[in-house]
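Have a look at the structure below, then the notes.
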Amino acid sequence: MSGFPDDIPFFDEDEPSANPPAQQKPAGSGSGSGIAARAMAARGGAASARYLDALNPEQRLAVETTEGPVLVLAGAGTGKTRVLTTRIAHILATGRAYPSQILAVTFTNKAAREMKERIGTLVGEAVEGMPWLGTFHSIGVKILRRHAELAGLKSSFTILDTDDQIRLIKQIIQAEGLDDKRWPARQFAQMIDGWKNKGLAPKEIAEGDARAFANGRGRELYAAYQERLKSLNAVDFGDLLCLPIRIFRDNPDVLAEYHRKFRYILVDEYQDTNTAQYMWLRLLAQRPKSAGEAPLNICCVGDDDQSIYGWRGAEVDNILRFEKDFPGAKVIRLERNYRSTAHILGAASHLIAHNEGRLGKTLFTDKAQPDEAKVKVHASWDSEEEARAIGEEVEALQSKRHALNDMAILVRASFQMREFEDRFVTLGVNYRVIGGPRFYERQEIRDALAYFRIVSQEADDLAFERIINVPKRGLGDASLRQVHDVARARQVPLLQAARDLAGTEEMKPKPRSALRTLTENIDRWQDLLDKTSHTELAETILEESGYTDMWKNDRSPEAPGRLENLKELIRSMEDYESLRGFLEHVSLVMDAERHEEMDAISLMTLHSAKGLEFETVFLPGWEEGLFPHQRALDEGGRSGLEEERRLAYVGLTRAKKNLHLWFASNRRIHGLWQSTIPSRFLDELPEAHVDVADEGSSYGGYGQGHIGRPNPYGKSRFDNAEVFSNTYSTPGWQRAQKNRSDATARNWGTRSGHQVERIGYGETDSGYGAGRGSVKGRVIEGELVAKSVSESPSAFKLGDRVFHMKFGNGNVAAIDGNKLTIDFDKAGQKRVLDSFVQPA
DNA sequence: CGAGACCTAATTTTT
DNA sequence: TTAGGTCTCG
């Protein structure tokens with residue numbers, strides 16, 4: 001959140017002269033690029049460098065095609081990261097560029113970190129000399145700090161995270177006299193993000209969009225928000241992309257500087273770039289032809305089939321269009337997969353082939369063994385049984401010496417996790433949840449950081465607001481309002497206003513003295529900034545402010561964990577030089593590394609699984625409405641469906657050896673039990689690579705009544721009646737869709753229990769293959785998008801005798817629209833949708 | 001200001 | 001179902 005300009009490196013500090021011609025050796029010419037020198041040495045004079053020997057021919061081509069635009073379509077598990085890192089090492093080793101002349105962008109800090117490490121390994125040492133390897137955002141900050149004044153900022157600007165952003169927007173909505181309930185700040189924040197993802201300034205947004213919020217005042221609010229940011233000397237995440245773009249556009253000389261600087265541009269996960277990132281890259285990549293410059297050396301690596309972030313602005317089109325955008329581009333496909341068995345690859349390839357908008361690829365493996373397991377599809381009665389059965393499977397594997405670390409359960413939506421957590425707790429199986437709220441997003445961490453911010457940055461109004469009454473010190477809305485008024489009247493930050501106010505008679509004695517205590521504390525801490533070590537200061541602040549006491553006195557079950565987190569926070573500060581340095585880090589890296597070594601099964605969403613791999617993967621919940629998710633269908637139409645399918649593809653390709661898919665016939669959604677039908681994706685799997693598991697076990701229950709009962713939605717080879725007969729019938733999903741009801745709920749249970757671990761995030765490697773395909777066509781197709789549950793009143797009456805597939809017979813006890821409360825003879829009282837019961 | 005009632009909405013997530 | 005937010009009362 002806090003920024004500091006002190007480490008703005010000056011340009012070209014390690015470049016003896018502006019442009020080393022290709023092939024010229026930079027090493028030896030003085031200082032800086034020891035890395036290049038070492039890389040050269042590592043190369044050992046042989047005609048072919050050793051690092052190239054580890055590559056297959058396609059990978060090698062991707063590494064050695066250094067000049068001109070290159071698109072590497074790297075299929076899942078084809079060694080994408082290896083190519084990227086080796087390519088950089090190669091560029092350095094052959095003296096084509098200095099480290100500082102290579103721009104390498106990733107999406108996540110983790111990916112950036114990993115690349116740095118791996119380049120370091122290749123080249124012999126940690127890569128400190130790659131100043132321009134980082135996330136889009138971190139590089140954006142770097143550029144923006146250097147040219148802040150061109151964007152109307154001071155280079156010490158603060159970076160707001162989503163939380164700050166929303167609070168700020170809320171204030172603006174209120175200040176404009178709008179009802180912040182009718183026009184939720186959260187929603188508007190998302191709209192702003194959407195605009196910024198497209199690189200649009202307030203005046204550039206579409207009329208329709210602008211009208212969509214707050215009775216047509218969207219544009220006005222957006223502009224007001226930007227104004228407010230400027231006056232706070234703050235930016236949000238979107239600005240880190242948009243402002244550099246604007247600077248480049250408005251200041252050709254600045255852009256030219258970067259053109260001169262970067263000889264090679266590399267982009268990871270290109271399929272995830274949004275429009276703003278695309279523009280940013282184009283600006284940097286397109287050197288004016290007139291200057292007789294060297295060719296445009298941009299290399300984008302990605303996989304159109306793993307594009308799963310369309311909903312947050314990623315444009316698959318960017319990768320699909322690459323050859324048009326960069327004429328003469330070479331496209332290199334990596335299709336040799338080093339991860340999965342032939343069955344898994346076969347299943348995944350067949351599934352993804354149902355998508356139309358793709359460049360196409362064919363993953364293959366040459367390590368196929370005769371005895372490999374096919375992909376297994378399992379049916380279960382309901383989600384509980386699903387969890388129970390997977391739990392059994394996990395234990396069985398465990399007893400066969402499989403490490404839990406090699407297994408993962410990947411779900412479509414996080415509410416699905418709960419049942420698995422419950423199950424693993426009862427079984428005593430260690431598990432770790434990956435994803436979910438991050439360390440730095442936790443309340444106690446954010447509170448603590450707000451204290452640090454206000455101490456290190458006097459003018460950080462948002463931080464001040466956050467802590468003014470945390471812990472409670474009797475400074476509520478009324479007091480805050482007063483402080484605000486003074487601040488506005490005098491044009492000073494809130495903290496200063498508070499100081500002034502505390503010295504006057506304006507306030508009632510109680511709040512006044514509370515305020516005075518607070519400001520005096522802050523003054524004292526500020527004074528300690530340069531006198532104490534920052535970790536010590538941090539502890540002092542948390543102690544003296546009463547913040548730690550607040551949690552010590554809190555008897556809620558989370559309190560001890562929060563105190564633990566605070567300690568962890570202080571511990572992690574030790575890695576930084578100063579409070580400011582730490583805060584700068586935190587604003588960009590909302591992610592704390594964690595390094596639990598216990599053996600545990602991983603539990604996460606499919607989205608968080610991208611880039612990871614496991615020996616054994618369980619994919620539960622393959623049911624229409626849940627996966628593909630109804631909402632993706634409703635909102636995204638055909639392209640929504642295709643993205644869901646890509647998500648399925650990502651899931652399948654995470655598995656190395658064993659892959660289990662599950663669907664349940666009944667699932668509780670929003671507290672209501674609903675019957676479900678198997679996902680269409682199951683029917684899109686190739687018979688040759690798939691086995692339908694013959695569970696036999698608990699499958700059934702009241703279900704006898706169900707087996708053989710006609711599926712009201714259409715047929716699938718996974719319909720219960722046919723599960724064991726392996727019939728291969730083509731589905732009638734369109735019809736099925738029609739009666740689908742909303743699926744999905746959300747829960748973020750705070751499981752307690754010994755062996756649990758929650759991790760910020762993860763990623764490993766991904767990749768791709770080749771093929772062909774048409775591109776356009778994100779048109780909504782009615783038949784796929786049909787909608788949910790009718791709200792018409794139920795045909796049942798109180799006291800009616802009814803039959804339900806899951807619960808058997810019972811009497812209608814209450815009716816609420818189409819929701820029935822039924823007293824079942826055996827199962828007790830349940831709420832179900834009326835469409836799932838019939839007169840008994 | 002805080003506790004408890006009441007209402008509402010409910011994928012996916014990085015920076 | 002349930003979590004989160006808002007609203008009301010003491």
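Sequence lines set the chain letters: A, B, ... in the order given, protein chains first and strands last, and positions in each chain run from 1. Worth knowing before you read on, the calculation uses all heavy atoms, side chains too, and leaves out hydrogens, waters and symmetry mates. The shown structure was predicted, so the numbers you read here are calculated from the model rather than taken from an experiment.
- When rounded to the nearest whole Å, the span between CD1 of I308(A) and P of dT13(B) equals 9 Å.
- Per the geometry, CE belonging to M417(A) stands 22 Å off P belonging to dT1(C), to the nearest Å.
- Under 4.0 angstrom from either OP1 or OP2 of dC1(B) there lies no side-chain N or O belonging to K472(A).
- For dT12(B), neither phosphate oxygen OP1 nor OP2 lies less than 4.0 angstrom from any side-chain nitrogen or oxygen of S608(A).
- Toward the 5' end of DNA chain B, the nearer of the two residues G476(A) and D193(A), judged by each one's closest nucleotide, is G476(A).
- The residue D477(A) sits close only to the backbone: its heavy atoms come under 4.0 Å of sugar-phosphate atoms, none of a base.
- Among the heavy atoms of the strands, none lies under 4.0 Å from Q190(A).
- The side chain of R412(A) sits closest to dT12(B) out of dT15(B), dT13(B), dT12(B).
- Atom NZ of K196(A) is separated from atom P of dT13(B) by 23 Å (rounded to the nearest Å).
- Between E419(A) and R423(A) there is no salt bridge, since no side-chain nitrogen of the basic residue lies less than 4.0 Å from a carboxylate oxygen of the acidic one.
- The side-chain hydrogen bond (donor to acceptor under 3.5 Å, both in side chains) search around W551(A) returns Y547(A), not counting sequence neighbours.
- Rounded to a whole angstrom, the distance from the C1' atom of dT6(C) to that of dT11(B) is 25 Å.
- Within the 4.0 angstrom heavy-atom criterion, no nucleotide atom of any strand lies near D239(A).
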Please produce a list of atom pairs where a protein N or O lies less than 3.5 Å from an N or O of nucleotides 5-7 of chain C.
residue : atom : partner : partner atom : Å
dT6(C)  : OP1  : K170(A) : NZ           : 3.3
dC7(C)  : OP1  : K181(A) : NZ           : 2.1

Without placing hydrogens or testing angles, list every side-chain donor-acceptor pair under 3.5 Å for residues 191-200 of chain A, not counting sequence neighbours.
residue : atom : partner : partner atom : Å
W195(A) : NE1  : D209(A) : OD2          : 3.3
K196(A) : NZ   : Q226(A) : OE1          : 2.7
K196(A) : NZ   : D236(A) : OD1          : 3.0
K196(A) : NZ   : D236(A) : OD2          : 2.7
K196(A) : NZ   : D239(A) : OD1          : 2.7
K196(A) : NZ   : D239(A) : OD2          : 3.3

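- Here R182(A) pairs with D179(A), N215(A) under the side-chain contact (heavy atoms from CB on, under 4.5 Å) rule; sequence neighbours left out.
- Residue G474(A) is classed as a sugar-phosphate contact, given heavy-atom separations below 4.0 Å to backbone atoms only.
- Atoms CD (E635(A)) and C1' (dT12(B)) sit 11 Å apart, rounded to a whole Å.
- Residues A632(A) and A478(A) each lie close to DNA chain B; by heavy-atom proximity, the contact nearer the 5' end of the strand is made by A478(A).
- Stacking between W311(A) and the base of dT12(B) is present: ring centres sit under 5.5 Å apart and the planes differ by under 30 degrees.
- Between R667(A) atom CZ and dT11(B) atom P there is a gap of 14 Å when expressed in whole angstrom units.
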_Before you tell me yes or no, could you show the steps for K610(A) and E269(A) under side chain to side chain contact (heavy atoms under 4.5 Å, CB included), namely the whole-Å CA-CA distance, both residues' side-chain angles and the distance that decides it to 0.1 Å?_
CA-CA 11 Å; K610(A) 185 157 78 126; E269(A) 304 280 20; 3.4 Å; yes

*Let me see the working for I172(A) and Y222(A) under side chain to side chain contact (heavy atoms under 4.5 Å, CB included), right down to the final yes or no.*
CA-CA 9 Å; I172(A) 289 167; Y222(A) 181 15; over 6 Å; no

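- With sequence neighbours excluded, the residues satisfying side-chain contact (heavy atoms from CB on, under 4.5 Å) with K552(A) are E543(A), D549(A), L563(A).
- Taking 4.0 angstrom as the limit, N197(A) places none of its side-chain polar atoms (N or O) nearer than this to OP1 or OP2 of dT15(B).
- Distance, R668(A) CZ to dA10(B) P: 19 Å, rounded to whole Å.
- Between T162(A) and the phosphate of dT15(B), there is no side-chain N or O to OP1/OP2 separation shorter than 4.0 Å.
- Counting non-hydrogen atoms under 4.0 angstrom, S138(A) reaches nothing in the nucleic acid.
- Within the model, atoms CG of L144(A) and CZ of R146(A) stand 11.5 Å from one another, a figure rounded to the nearest 0.5 Å.
- Note: CD1 (I669(A)) to C1' (dT2(C)) measures 15 Å, nearest angstrom.
- Checking dT15(B), dT11(B), dC1(B) against every side-chain atom of H629(A), the shortest atom distance belongs to dT11(B).
- Residue L410(A) is classed as having no contact, given no heavy-atom separation below 4.0 Å to the nucleic acid.
- Rounded to an integer number of Å, the gap from L672(A) CG to dA9(B) C1' is 14 Å.
- Among the nucleotides dT12(B), dT2(C), dT15(B), the one closest to any side-chain atom of R418(A) is dT2(C).
- By the side-chain hydrogen bond (donor to acceptor under 3.5 Å, both in side chains) test, N318(A) pairs with T273(A), R321(A), sequence neighbours left out.
- Not a single donor-acceptor contact under 3.5 angstrom links the side-chain atoms of R831(A) to the base of dT1(C).
- Closest to the side chain of R631(A), from the set dA10(B), dT13(B), dT15(B), is dA10(B).
- For H137(A), counting side-chain heavy atoms from C-beta on, the closest listed nucleotide (dT11(B), dT13(B), dT15(B)) is dT15(B).
- Of the candidates dT11(B), dT13(B), dT2(C), dT13(B) carries the atom nearest the R312(A) side chain, counting heavy atoms from C-beta on.
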